[in-house]
Trainee: 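Would you mind keeping the following structure in view while I ask a few things?
In what follows, every chain begins at residue 1, and chains take the letters A, B, ... in the order their sequences are listed.
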Amino acid sequence: MRWSRYPINTVKETPSEAEVVSHQLMLRAGLIRRLAAGIYTWTPFGLRTLRKVENIIREEMDRAGALEVLMPAVQPAELWQESGRWELYGPELLRLKDRHQRDFVIGPTHEEVITDLARRELKSYRQLPANFYQIQLKFRDEIRPRFGVMRGREFIMKDAYSFHATQESLQEGYDLMRDAYIRMFTRMGLEFRPVKADTGSIGGTASEEFQVLADSGEDAIAVSDGTDNYAANLELAPALPPSTPRPAALASLTKVATPHKRTIEEVAIFLKVTPQQCLKLLLVESTDGGVVALALRGDHELNAIKAQKLPQVAQPLRMASPEAVVAATGCEPGYLGPIGLKCPLYADHAALAAADFICGANEMGHHYIGANWGRDLPEPTRADLRNVVAGDPSPGGNGSLRIRRGIEVGHIFQLGKKYSEAMQASVLDEAGKPVVMFMGCYGIGVTRIVAAAIEQNHDAAGIRWPAPIAPFDVVLVPLNAAKSPKVAELAEALYAQLQQRGFEVLLDDRDARPGVKFADAELIGIPHRIVISDRGIEAGALEYRHRRASENEAWPLSEVIERLAAARSATST
RNA sequence: CGGGAUGUAGCUCAGCCUGGUAGAGCACUACGUUCGGGACGUAGGAGUCGGAGGUUCAAAUCCUCUCAUCCCGACCA
């Protein structure tokens, strides 16, 4: 491509709407342009990278034996009513009516459509296993789209769905996809981790996320520093019970006045203790309309996913209203404690390991000090209720956990029979009996990968694309070509020769000053740069610079193409 | 949906408090000079001041409503 024929401008100033670096650079480099909140146009440069990402995905899916399809973006409501998600999905599902007032949705995902296809086409166990995938636009009406294409409302997703006669076959298909994902993200030059994950609203059993590690990531993940390779979404990582027994009770139970000290922090400062010595009591709504109490150590955070798995806790988890708290305890939040409590009580392992702890007295303006389980109140039901914190032992058995941020670029699920049962997708087995198929589902956020790659690969000057997903392999920068026919000629010759050799070449034939060209080349992040100048021609050498290098190399003119070819095949990033 | 903020030229923003008929830098056009790290000069084009209503002789500026965008939270693969 000739840059002079490319009408989309780079910009020096950072657009005020962009907060994270990938969004800023994508706008500055002219990869995307915003049309509405969470909705973007991909420009030719951006689209080149997007297509490279798609093609890597496509190649690995095909290699794994999956079959590409293309399903409709607009889907009839009947399918969603059949699966039950018409009611369950909520306002994130964009619904619309056609001219006949029939209900449709713009697909946020395609389980219903693919299951419908599968139940029509798959008749026999001999057709299984089967795996269909597509790379397609999705629309989810996110409450708060942000970070550019990282959390857009409209986005491109690769979604695959596999169908199996048995759980064993599903496990094999799942493992195959897991391997394919590792190959893809590795090929894209990303630093990532597969992590154990919650299945969320998609449902099903086993599930792993593929997280690109980046400080700007929206997800917290717990990663083991030991040899067990353990990694899990923070939502899911179990906090192991402490291995040491609870210390003996030394202090006696005493009620103290703590006026206007409601938070753990305020109480701890007031009583000159650490938050670890305090007990936090939270009331949440229960399944029968009442409340359930959850006790945590003062410095720990409630894990909503874990809490709402308790049988008595309403799903989704909701904190009890202030009125409900007063009704249940006779006291406002801030002074709640487990002693004398009438509602059901669950206590986190760490909270139960404490002796002589401090807790609310269920009386306005008062706390207890020197409280002890078993002595001052009955032993409650134990549960894992908290988020793990850095330093906790790894559930994998070797090492301790660190908390890192990640961008979720892929998610694989074993759905089991959730959709196939609801939609009666079955095949005949060897005995001629109908059996409901097992399903797996495997998603990748294609547009999000582009943003994630930039989060991991940039410097002060701009993007540093991993070579496999760069929009071009090489950028040619002729200097002062308008005045120097030799420079112009050589640039044109190289442009033609490199293209012939299969390079994707960007020729910066704009009549711009050198500084502008260098800055733009670095901003858009092309891996290899060749500078063509009178100075170089006289010396019989051209300047080569890799985007990740800080120094130029002088390459003899006659060797430029061969050296570039070598550089291209040598570096994956 | 709750809290906060912002909408003025394509972009980044000033002007608003204290009402008097719209500005800067970047970008763009033309010409000249310049030409190895985002040049300089001269001239120029470009804005329903987000929208509607109100107050006033007069509104970008004050008031009301509304729309949009961004941030925090809740929520969410």
Trainee: Below 4.0 angstrom from OP1 or OP2 of rG38(B), is there any side-chain N or O of Thr10(A)?
Mentor: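 Answer no for this pair, as no side-chain N or O of Thr10(A) is under 4.0 Å from OP1 or OP2.
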Trainee: Using the P atom as the point on both nucleotides, what is the distance between rG45(B) and rA5(B), in whole Å?
Mentor: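 Taking atom P in both rA5(B) and rG45(B), they lie 39 Å apart.
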Trainee: In terms of side-chain geometry, is the basic nitrogen of Glu111(A) or Lys418(A) positioned less than 4.0 Å from the acidic oxygen of its partner?
Mentor: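 No salt bridge links Glu111(A) with Lys418(A).
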Trainee: For the side chain of Arg529(A) and the base of rG36(B), is some donor closer than 3.5 Å to an acceptor across the two?
Mentor: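 In this structure, the two groups form no donor-acceptor pair.
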Trainee: Rounded to whole Å, how long is the line connecting atom CZ of Arg510(A) with atom C1' of rC28(B)?
Mentor: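 Atom-to-atom, Arg510(A) to rC28(B), this comes out as 15 Å.
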Trainee: Would you measure the distance from the C1' atom in rU64(B) across to the matching atom in rC70(B) and give it in whole Å?
Mentor: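 Their C1' atoms lie roughly 24 Å apart.
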Trainee: Check for me whether Arg33(A) meets the cation-pi criterion with Trp42(A), that is, NZ or CZ under 6.0 Å from the six-membered ring centre and within 45 degrees of the ring axis.
Mentor: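 Because its charged atom misses either the 6.0 Å distance or the 45° angle limit, Arg33(A) does not stack over Trp42(A).
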Trainee: Between rC35(B), rG36(B), rC1(B), spot the one nearest the side chain of Ile143(A), thanks.
Mentor: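 Within the option list, the nearest is rC1(B).
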Trainee: Roughly how many Å is it from CD in Glu13(A) to P in rA14(B), rounded to a whole number?
Mentor: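 Nearest whole value for this atom pair: 13 Å.
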Trainee: Would you state whether a donor and an acceptor, one from the side chain of Arg144(A) and one from the base of rC76(B), lie under 3.5 Å apart?
Mentor: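 Donor-acceptor pair under 3.5 Å: no.
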Trainee: Do Asp520(A) and rG38(B) have a side chain to base donor-acceptor pair shorter than 3.5 Å?
Mentor: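 In this structure, the two groups form a donor-acceptor pair.
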Trainee: Expressed in whole Å, how much space separates the C1' atoms belonging to rC76(B) and rU18(B)?
Mentor: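 47 Å, rounded to whole Å.
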Trainee: I want to confirm an ordering. Mapping Arg153(A) and Leu523(A) to their closest nucleotides on RNA chain B, which one lands closer to the 5' end?
Mentor: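 Its nearest nucleotide being more 5', the pick is Leu523(A).
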Trainee: Please determine, for rA60(B), whether a Watson-Crick or G-U wobble partner exists with both distances under 3.5 Å, and give it or none.
Mentor: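 With both distances under 3.5 Å required, rA60(B) matches none.
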Trainee: Does a side-chain N or O of Arg513(A) approach OP1 or OP2 of rG38(B) to a distance below 4.0 Å, or not?
Mentor: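 Arg513(A) to rG38(B) OP1/OP2: no side-chain N or O under 4.0 Å.
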Trainee: Scan every strand shown for a Watson-Crick or G-U wobble partner of rG25(B), both distances under 3.5 Å, and answer none if you come up empty.
Mentor: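 rC11(B) - that is the nucleotide pairing with rG25(B), both distances being under 3.5 Å.
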Trainee: Is rC40(B) paired to anything, Watson-Crick or G-U wobble with both distances less than 3.5 Å, and if yes, which nucleotide?
Mentor: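 Pairing partner: rG32(B).
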Trainee: For nucleotides rA9(B) and rG15(B), find the distance between their C1' atoms and express it as a whole number of Å.
Mentor: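 rA9(B) and rG15(B) have their C1' atoms separated by 15 Å.
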Trainee: Measure from the side chain of Ala519(A), starting at C-beta and using heavy atoms only, and say which of rC13(B), rG38(B), rC75(B) lies closest.
Mentor: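 So the nucleotide nearest the side chain must be rG38(B).
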Trainee: Between Arg151(A) and Glu142(A), is the closest basic N to carboxylate O distance under 4.0 Å?
Mentor: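 Salt bridge between Glu142(A) and Arg151(A), a charged N being under 4.0 Å from a carboxylate O: yes.
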Trainee: Quick check for you: among rA74(B), rC13(B), rC72(B), whose closest atom lies nearest to any side-chain atom of Glu19(A)?
Mentor: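 Of the options given, the side chain of Glu19(A) lies nearest rC72(B).
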Trainee: Could you measure between the two C1' atoms, the one in rA74(B) and the one in rU6(B), and give it in whole Å?
Mentor: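 Looking at atom C1' only, rA74(B) and rU6(B) are 22 Å apart.
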Trainee: Check Arg140(A) with Glu154(A), please: is the shortest side-chain N to carboxylate O separation under 4.0 Å?
Mentor: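 Between Arg140(A) and Glu154(A) there is no salt bridge, as every charged N stays at least 4.0 Å from the carboxylate O atoms.
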Trainee: What is the nucleic acid contact for Glu92(A), judged by heavy atoms within less than 4.0 Å: base, sugar-phosphate only, or nothing?
Mentor: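 The residue Glu92(A) makes sugar-phosphate contact but no base contact.
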Trainee: Charged N to carboxylate O under 4.0 angstrom, Asp508(A) versus Arg2(A)?
Mentor: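 Answer for the salt bridge query: no.
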Trainee: With a 3.5 Å cut-off and no angle check, do the side chains of Gln171(A) and His164(A) form a donor-acceptor pair?
Mentor: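 Gln171(A) vs His164(A): no donor-acceptor pair found between side chains.
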Trainee: Which nucleotide in the list rG36(B), rG25(B), rC71(B) gets nearest to the side chain of Pro514(A)?
Mentor: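 Of rG36(B), rG25(B), rC71(B), rG36(B) is nearest to the side chain of Pro514(A).
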Trainee: Using the C1' atom as the reference point in each nucleotide, state the distance between rA22(B) and rA46(B) in Å, no decimals.
Mentor: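 To the nearest whole Å, 13 Å.
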Trainee: On the nucleotide rG36(B), are OP1 or OP2 found under 4.0 Å from the side-chain N or O atoms that Ser533(A) carries?
Mentor: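 No, outside the criterion.
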Trainee: Tell me what Lys483(A) touches on the nucleic acid: a base, only sugar-phosphate, or nothing, going by heavy atoms under 4.0 Å.
Mentor: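 It contacts base atoms.
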Trainee: With a 3.5 Å cut-off and heavy atoms only, can you find an N or O donor on one side and an acceptor on the other between the side chain of Arg28(A) and the base of rG38(B)?
Mentor: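 Under the 3.5 Å cut-off, the side chain and the base do form a donor-acceptor pair.
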Trainee: Taking the P atom of each, how far is rG53(B) from rC11(B), in whole Å?
Mentor: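 The same atom, P, in both gives a distance of 26 Å.
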Trainee: If each of Ala37(A) and Asn9(A) is mapped to the nucleotide of RNA chain B with the nearest heavy atom, which maps nearer the 5' terminus, i.e. the 5' end?
Mentor: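 Its nucleotide being nearer the 5' end, the pick is Asn9(A).
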Trainee: rG23(B) and rU8(B): how far apart are their C1' atoms, nearest whole angstrom?
Mentor: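 Pairwise C1' distance, rG23(B) against rU8(B), rounds to 10 Å.
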Trainee: Taking a pair as Watson-Crick or G-U wobble with both distances under 3.5 Å, which nucleotide is matched to rC1(B)?
Mentor: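 rC1(B) is paired, partner rG73(B).
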Trainee: Between the side chains of Glu209(A) and Arg193(A), is the shortest nitrogen-to-carboxylate-oxygen separation below 4.0 Å, so that they form an ion pair?
Mentor: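 Not counted as a salt bridge, because no side-chain N and carboxylate O are separated by less than 4.0 Å.
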Trainee: From the set rA39(B), rC75(B), rG36(B), return the single nucleotide nearest to any side-chain atom of Val531(A).
Mentor: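 Selected nucleotide: rG36(B).
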Trainee: Considering Watson-Crick and G-U wobble pairs with both distances under 3.5 Å, what does rA46(B) pair with?
Mentor: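 Pairing partner, where one exists within any strand: none, as none qualifies.
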